[in-house]
There are 4 protein chains.
Amino acid sequence: MASSRGHLKNSSPAPKRAYESLLRAGTELMARDGLDGVNTNTIARAARVGVGTFYQHFGDKFALHRAIVQRGLEGLQQRLAEAHRASKERALEDQVRAGLVALVGFAQEQPDLFRATFGRSAAAARLGLSPRPLERRLRDQLEQGQLHPAVEPRIAARAFMEMQVRSVVHWLEDADQLSPKALIETLTRLHPVIAGKR
Amino acid sequence: MASSRGHLKNSSPAPKRAYESLLRAGTELMARDGLDGVNTNTIARAARVGVGTFYQHFGDKFALHRAIVQRGLEGLQQRLAEAHRASKERALEDQVRAGLVALVGFAQEQPDLFRATFGRSAAAARLGLSPRPLERRLRDQLEQGQLHPAVEPRIAARAFMEMQVRSVVHWLEDADQLSPKALIETLTRLHPVIAGKR
Amino acid sequence: MASSRGHLKNSSPAPKRAYESLLRAGTELMARDGLDGVNTNTIARAARVGVGTFYQHFGDKFALHRAIVQRGLEGLQQRLAEAHRASKERALEDQVRAGLVALVGFAQEQPDLFRATFGRSAAAARLGLSPRPLERRLRDQLEQGQLHPAVEPRIAARAFMEMQVRSVVHWLEDADQLSPKALIETLTRLHPVIAGKR
Amino acid sequence: MASSRGHLKNSSPAPKRAYESLLRAGTELMARDGLDGVNTNTIARAARVGVGTFYQHFGDKFALHRAIVQRGLEGLQQRLAEAHRASKERALEDQVRAGLVALVGFAQEQPDLFRATFGRSAAAARLGLSPRPLERRLRDQLEQGQLHPAVEPRIAARAFMEMQVRSVVHWLEDADQLSPKALIETLTRLHPVIAGKR
DNA sequence: AATGAATGAGATTTCATTCAT
DNA sequence: TATGAATGAAATCTCATTCAT
């Protein structure tokens, strides 16, 4: 936790130590207990900040949750975009794998953020990780006869988005965790783009 | 509810009108608002029963939820067992499809029960729908070289269990619902037993 | 507890099995948890009787308690009266001892009844064990110059009544109980009629 | 809006007006109605404080009672220790009397605190006023042949502790109160150290 | 900006009591 | 008489939110 002691003053215009502290504490607690399992007082205490300070930064518990989810999604989307960019010329399977590598890598680096974002309150996922791109891709494949005609793109896209994310959550919470490689390869094989191939 | 008094025998030892009423109201409300979105007062009122009556039958909100989940799982498991029995001599794909027909059929007949059981508080699913049988089957296939070796049975089993159930929940809640046929066929194609085939 | 088994039917006009059962259960529970620590439902269940039956016999919890206390006091007073009759020609110390023998004997035979009557809700004692006779006796002794003039009869009488009874309760509840003899002799020595002698 | 920092000092780290107010109100009500006779709402109202404030300071009714008892015992023990120190060179009877003067003096000055601590819920006394010191003293006297051999120190010590305290409670609650002098002298005469002398 | 004591609306829970059978 | 499911008033307790400092 690199804190800027040693300087004369804090250098950045608005350090927002309290804000960051609340975000961090909230992430940790919501990862563990879910949105409905924590309360503002507990979060403030964990952040070593007064309750009042909480309300100075966030309108309520849900605003904090939204901020966490947003941060989680931003980081993830950035990684996914990068993975997409880097792999879009490669084979389909490699593209899928690259996306999963990004997803699992992100989850490994920030497990609490991942769980707070995609854990219990799964509704959060809807806020930002849209199944639409996947749905479009599946529809394309379908039109080109590369996908089994019984696969309905809308259903398959949504189903896989949820599955992906929930599988990673389970994996994070599993006591005897299998290797990230196993997780990535398994989900790759089950990806509709691959699995649904005719 | 035909109050069949005056008959030769009482069919059950205690009428427990309130119990059934609470279970029904709880199912409806939890389907709509989730476990964390309801409170005992509301449930009691909806069941047209005194608050105290709630506590006479259930220790707390969670006990009611457990009772609902149990009822949901019992009905579902029975249907699944039947489907399994009826299809076990048939082709693999037919077996998978039969299971999904049973699942979707159950969800269609008792949508509130299904949503209350598998909705938001997805954790509930763990109480009864074990991924172990599927895991075992995948492991068998793997050993017989029928499954892509990169598929890890434990992960795949859990992933699909969740996907299945959450897809049905989404489907139930979707305003412009696609046909049950589309749902069943799509999930069949994505089932690891089929999708993971080498 | 001589119960009239052996007859074809209960011989007494109203056997009141439920009544006795409630009294017994109430005594046991109130001895353990005190008047405020039990509730009517619990008592009825312990008595293996319906709640409604409780109210058929006792107006409320306090009525039951009163009945218990009354029964306790009746039994005790009878024993004390007997002890008094048998010892009134003997020496003062012997009279005191005889009373304590009766008290402790009663407590030993019916510990729950004793505790329910004189335990926590000490107020009950006031209902029946009056300090007046002792007060009168002390006043007599005082007038005859046999008691230390600083001893105020009213205070001494009440003090000793409480002490006696609470000492026996403690003794009953004490895990490593001393002999009844020790209890009796100690209280005899501390009895104001003896202790206050000049 | 005047930011009142810069004043001399804040006398205590937290003002805790409500805490004191609750302690005071609780003492008054528990003195009158006993622990089982009050409820948190009533206490909060009497303290002119919100219900929530009660729970901010005390986990429940019993925690408040414990705090009251502790406060009662602290004050009392201090006084008793002082009395002991001041009289330990004097005659035995004077020592006993000094202790009683302290006890009764304390009860007179803080009758509610005394009754809340030693009243109905006598169990509280066990929390702090140990009969052990008295027991030890009696044992010494016994060994030196100054005490009647029939007196069992453990029983006598406990008996007298209770008697003392309950006599003072009765005295406080007695409408036509006798003089404190009478109370003190009577209890002095009944004290086992004096009364049990051979 | 930061604080945390104070708040009260509302959720949870208990229990004496009733009443239809 | 006996029953026990049903009841709701009241007690217990939680927590998001405010506000004076």
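Heavy-atom basis, side chains included; hydrogens, waters and symmetry copies ignored. Here is the naming used below: chain letters follow the sequence lines, and residue numbers restart at 1 for every chain.
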Separation of [X] atom [atom1] from [N] atom [atom2], in whole Å?
X	N	atom1	atom2	answer
L64(B)	dT13(E)	CG	P	13 Å
R17(D)	dA20(F)	CZ	C1'	11 Å
D36(A)	dT14(F)	CG	P	17 Å
L35(A)	dC15(F)	CG	P	13 Å
L22(D)	dC13(F)	CG	C1'	15 Å
F62(D)	dT12(F)	CZ	C1'	10 Å
R45(C)	dC15(E)	CZ	P	11 Å
F54(C)	dG4(F)	CZ	C1'	15 Å

Upstream residue (5' side of DNA chain F) when G52(C) and G59(D) are each assigned their closest nucleotide: G52(C)
Polar side chain donor-acceptor pair, E74(D) to Q78(D), under 3.5 angstrom: no
From dT12(F), dT3(F), dA5(F), nucleotide with atom closest to K61(D) side chain: dT12(F)
Closest listed nucleotide, where the reference is the side chain of V51(A) and the choices are dG8(F), dA2(E), dA5(E): dA5(E)
Rounded distance [0.5 Å steps], CZ in R71(C) versus OG1 in T117(C): 10.5 Å
Rounded distance [0.5 Å steps], OG1 in T27(C) versus NE2 in H65(C): 9.0 Å
Polar side-chain atom of K61(C) near backbone of N39(C) as donor-acceptor pair, under 3.5 Å: no
Using Watson-Crick or G-U wobble geometry with both distances below 3.5 Å, tell me the partner of [N], or none.
N	answer
dT14(E)	dA9(F)
dA20(E)	dT3(F)
dA1(E)	none

Along DNA chain E (nearest heavy atom to each residue), the more 5'-positioned of Q56(B) and G50(D): G50(D)
Toward the 5' end of DNA chain E, by each residue's nearest nucleotide, T53(B) or T53(A): T53(A)
Under 4.0 Å between a side-chain N/O of [X] and OP1 or OP2 of [N], yes or no?
X	N	answer
Y55(B)	dT13(E)	yes
H57(C)	dT1(F)	no
T40(D)	dT12(F)	yes

Touch class at under 4.0 angstrom, heavy-atom based, for D60(C) against every strand present: sugar-phosphate
Closest non-hydrogen atom pair, A67(C) against Y19(C): CB-OH, 4.2 Å
Polar pair under 3.5 Å, donor/acceptor by atom type, side chain N41(D), base dA10(F): no
Under 3.5 Å donor-acceptor pair, N39(D) side-chain atoms to dA10(F) base atoms: no
Partner of L29(A) under side-chain contact (heavy atoms from CB on, under 4.5 Å), chosen from I43(A), L35(A), D112(A): I43(A)
